[in-house]
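Just passing along the structure, written as structure tokens.
Counting begins at 1 with the first residue of the sequence.
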Amino acid sequence: MLWIAPSEKDLASDDLEKRLWNTADQFRANSGLTAAQYSAPVLGLIFLLFAETRFAQRRAVLLPSPAGGGGAGGEGRRASNRADEPAAYHAEGVIFLPQAARFEHLLNLPEGANVGQAINDAMAEIEKHNPQLAGVLPRTYQIFTSTLLKELLKKVSEIPVSLDYDAFGRIYEYFLGEFARTEGQKGGEFYTPSSIVRLLVEVIEPFHGRILDPACGSGGMFVQSARFVAEHQRKLPSPSGRGAGGEGEMPNPADELFICGVEKTDDTGRLARMNLAIHGLEGDIRHGGHINSYYDDPHEAVGKFHFVLANPPFNVNAVDKDRLASDVGAGRRFPFGLPRTDNANMLWIQLFHSSLNNKGRAGFVMANSASDARSSEQDIRKQLIEARAVDVMVAVGPNMFYTVTLPCTLWFLDKGKQGTLRADTILFIDARHIYRQIDRAHRDWADAQIGFIANIVRLYRGEAPDYTLGGEEAKAKLAELFSSPPLQKGAAAGGGICYADIPGLCKAATLTEIEAQGWSLNPGRYVGVAVGEEVSDEDFKEKLETLNEELEVLNAQARELEQTIAMNVAEILEA
């Protein structure tokens with residue numbers, strides 16, 4: 001199915017973002033520093049402006065009203081006292097800012113002031129009064145000239161203070177994405193494009209519970225999960241049976257999600273904690289040092305989580321499997337065994353699966369090769385399928401990431417599907433030709449496209465469609481394809497909407513069909529091609545890239561086998 005959405009943007013926000021980015025990029029031009037050196041300081045100042053905006057809103061509530069006079073005693077004095085208490089801000093998920101750490105103070109520093117040192121001191125003061133940020137904020141501003149910093153402070157201050165919480169978040173995400181693009185391959189270690197994350201979140205629906213990302217990067221999965229809760233504005237049931245809030249109240253994402261993350265790179269882990277704080281969220285993010293999700297389990301994750309979201313590094317080699325031996329077996333981190341090949345894809349997939357409780361859902365990004373890999377990886381995949389854990393597979397086209405052009409696959413696990421009507425089926429969706437071209441080299445999904453794909457999954461699960469994301473456009477596209485009988489394009493929606501296999505788009509395959517395909521989880525094997533649709537040059541290029549990736553994996557396996565044979569022969573000859 002081909003659906004190319006028009007590239008529509010909020011021109012005002014787009015212009016603001018680009019002006020801010022151009023200013024930040026002056027750091028590179030005028031300081032000779034790399035993006036890796038100036039990205040954290042720039043994000044630190046955007047963080048500070050947003051923190052001050054939320055701080056000022058909370059402070060206005062806490063200060064006595066003019067009618068109260070702020071007299072010596074009574075409500076006025078108590079309110080005034082609370083306005084200077086960090087706890088009064090922390091209770092609402094707001095960062096407390098002492099006077100010397102406020103953006104306005106830094107912006108109006110006198111001529112000749114050491115601006116870099118003043119910002120460093122401001123960051124230290126913020127950490128002192130907000131323990132959740134200890135060791136997180138950048139303090140390398142002394143490497144910039146005061147002139148450069150004054151210019152950047154001025155440009156950042158141009159972000160309209162009327163912008164809402166989400167708008168600030170978008171600017172922050174924009175900078176993360178631009179730094180990822182600037183840093184090339186390295187940038188992919190900390191940033192996953194937001195449209196990919198939004199689809200993962202829409203499908204697993206993390207309304208309430210414990211959520212884990214064992215390769216959390218800059219924390220985008222957590223931010224999008226919180227946004228999902230806020231956007232849906234539902235009265236959410238808690239595990240204890242008590243509601244999340246009164247009738248009509250908007251749920252607070254910070255109250256609904258218990259966030260846990262692991263990030264092996266210390267700088268990126270700090271970026272994640274800063275990202276959570278800028279969105280009023282808290283989480284237990286373990287990072288740096290010697291923490292590595294292959295060997296370490298800092299959250300004691302097995303069977304503990306309602307949701308797992310992740311974009312792990314693909315095709316990692318040189319994992320020390322001897323260190324994993326004690327974690328292999330039923331009820332452990334690697335329940336289906338270790339792959340013989342030098343490739344960590346199946347290790348990651350098992351970590352996600354084993355971290356879920358018996359009703360848990362996972363959504364993650366994975367290399368295409370994991371869907372079709374043979375030998376021991378095929379055996380692990382077969383066990384996962386036979387455990388009735390795999391729920392949905394979505395094929396994603398090329399150029400959706402800033403750092404790689406290869407297509408990928410989105411996996412969705414659901415341990416709660418056992419005992420349901422879909423226990424013995426898996427839904428395959430081919431979304432390779434659903435996209436929006438955002439520039440010559442990059443694509444994403446429009447909200448309507450994300451909502452449309454997520455609602456195919458909801459129909460498959462027997463759930464009612466949800467148009468919170470995508471609205472009328474997603475509704476119309478769903479009605480056009482899934483109404484009974486199908487609508488002609490442009491006709492008014494009517495009648496029922498229910499799931500049906502659609503060639504070129506989606507197919508609910510049985511385990512028998514999947515076994516006949518060698519336990520492959522490649523959507524293209526099941527979905528097929530729509531009637532009248534032809535294979536394009538782009539399809540051929542995509543297929544060739546995927547085959548080349550698989551060839552590289554097979555070559556690595558061959559080299560490993562060759563080494564094993566050589567060692568065995570050497571041992572026989574020495575005997």
message: Using every non-hydrogen atom in the two residues, find where V42 and L152 come nearest and quote the distance to one decimal.
response: CG2-CD2, 3.9 Å
message: Just verifying a value: how many Å separate I126 CD1 and E52 CD, rounded to the nearest 0.5 Å?
response: 9.0 Å
- request: Starting at CD of Q224, measure out to CZ of R227 and round the result to the nearest 0.5 Å.
  value: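 Atom-to-atom, Q224:CD and R227:CZ are 4.5 Å apart.
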statement: The ring-ring contact (aromatic ring centres under 6.0 Å, His included) partners of W445 (sequence neighbours excluded) come to none
- request: For atom NZ of K264, decide whether the heavy atoms of other residues, nucleotides or ligands shown that lie under 6.0 angstrom number more than 12.
  value: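 Result for NZ/K264: open.
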message: Filter on side chain to side chain donor-acceptor pair (under 3.5 Å), then keep only pairs touching residues 291-303, sequence neighbours left out; what's left?
response: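 As it turns out, the side chain to side chain donor-acceptor pair (under 3.5 Å) pairs with a partner in residues 291-303, which skip direct neighbours, are Y294-W348.
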query: Where is the tightest heavy-atom contact between F401 and C408, given as atom of each residue plus distance?
result: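 Closest heavy-atom pair between F401 and C408: CE1-SG, 3.6 Å.
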field: Minimum heavy-atom distance M400-P193, with the two atoms named
entry: O-CG, 3.2 Å
With sequence neighbours excluded, residues passing side chain to side chain contact (heavy atoms under 4.5 Å, CB included) with D121: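 Once residues adjacent in sequence are excluded, the partners of D121 under the side chain to side chain contact (heavy atoms under 4.5 Å, CB included) criterion are Q117.
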- prompt: What are the two closest non-hydrogen atoms of L459 and P465, and how far apart are they?
  reply: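 Heavy atoms of L459 and P465 come nearest at CD2-CG, 3.9 Å.
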Would you be so kind as to tabulate the donor-acceptor pairs closer than 3.5 Å made by side chains of residues 209-216, with sequence neighbours excluded?
| unit_1 | atom_1 | unit_2 | atom_2 | d |
| --- | --- | --- | --- | --- |
| R210 | NE | K304 | O | 3.3 |
| D213 | OD1 | A215 | N | 2.9 |
| D213 | OD1 | C216 | N | 3.4 |

- request: Kindly write out the residues that satisfy side chain to side chain contact (heavy atoms under 4.5 Å, CB included) with A122, not counting sequence neighbours, or none if the list is empty.
  value: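 Here the qualifying residues are A101, L106.
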statement: Partner of F352 under ring pair (Phe, Tyr, Trp, His ring centres under 6.0 Å), picked from W411, F364, F307, is F364
message: Test of understanding: with side chain to side chain donor-acceptor pair (under 3.5 Å), list the residues that count as partners of E202, not counting sequence neighbours.
response: R458
- request: Could you go through the side chain to side chain donor-acceptor pair (under 3.5 Å) check for S195 and D444 one step at a time?
  value: CA-CA 6 Å; S195 66; D444 70 358; 4.9 Å; no
query: With under 30° as parallel and over 60° as perpendicular, where do the rings of F228 and F207 fit, or are they tilted in between?
result: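 Correct class here is tilted.
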- request: Hey, could you give me the CD1/NZ distance between I453 and K477, rounded to the nearest 0.5 Å?
  value: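 NZ of K477 is found 11.5 Å from CD1 of I453.
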task: Could you list the residues that satisfy side chain to side chain donor-acceptor pair (under 3.5 Å) with E127, not counting sequence neighbours?
output: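 Result, side chain to side chain donor-acceptor pair (under 3.5 Å) vs E127: R139.
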task: Run the numbers on K415 and D391 for salt bridge (charged side-chain N to carboxylate O under 4.0 Å, His left out), then give the verdict.
output: CA-CA 9 Å; K415 286 191 175 179; D391 192 28; over 6 Å; no
- prompt: What pairs with Q437 under side chain to side chain contact (heavy atoms under 4.5 Å, CB included), at least two apart in sequence or on another chain?
  reply: Y435, R443
- request: Return yes when atom CD of E282 has more than 12 non-hydrogen atoms of other residues, nucleotides or ligands closer than 6.0 Å, and no otherwise.
  value: no
Set of residues satisfying side chain to side chain donor-acceptor pair (under 3.5 Å) with respect to N357, sequence neighbours excluded: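 None.
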message: Show the nearest heavy-atom pair for residues T268 and S218, with the distance to one decimal.
response: CG2-N, 3.9 Å
field: Minimum heavy-atom distance H279-R54, with the two atoms named
entry: C-NH1, 4.2 Å
- line: Across all chains, not counting sequence neighbours, the side chain to side chain contact (heavy atoms under 4.5 Å, CB included) partners of P138 are A40, Y141, M274
- request: For N108, check side chain to side chain donor-acceptor pair (under 3.5 Å) against everything at least two apart and list the hits.
  value: E104
Reported CD1-to-CG distance for the pair I119 and N114, which is rounded to 0.5 angstrom: 9.5 Å
field: ring-ring contact (aromatic ring centres under 6.0 Å, His included) involving F103 - partner list, sequence neighbours excluded
entry: none
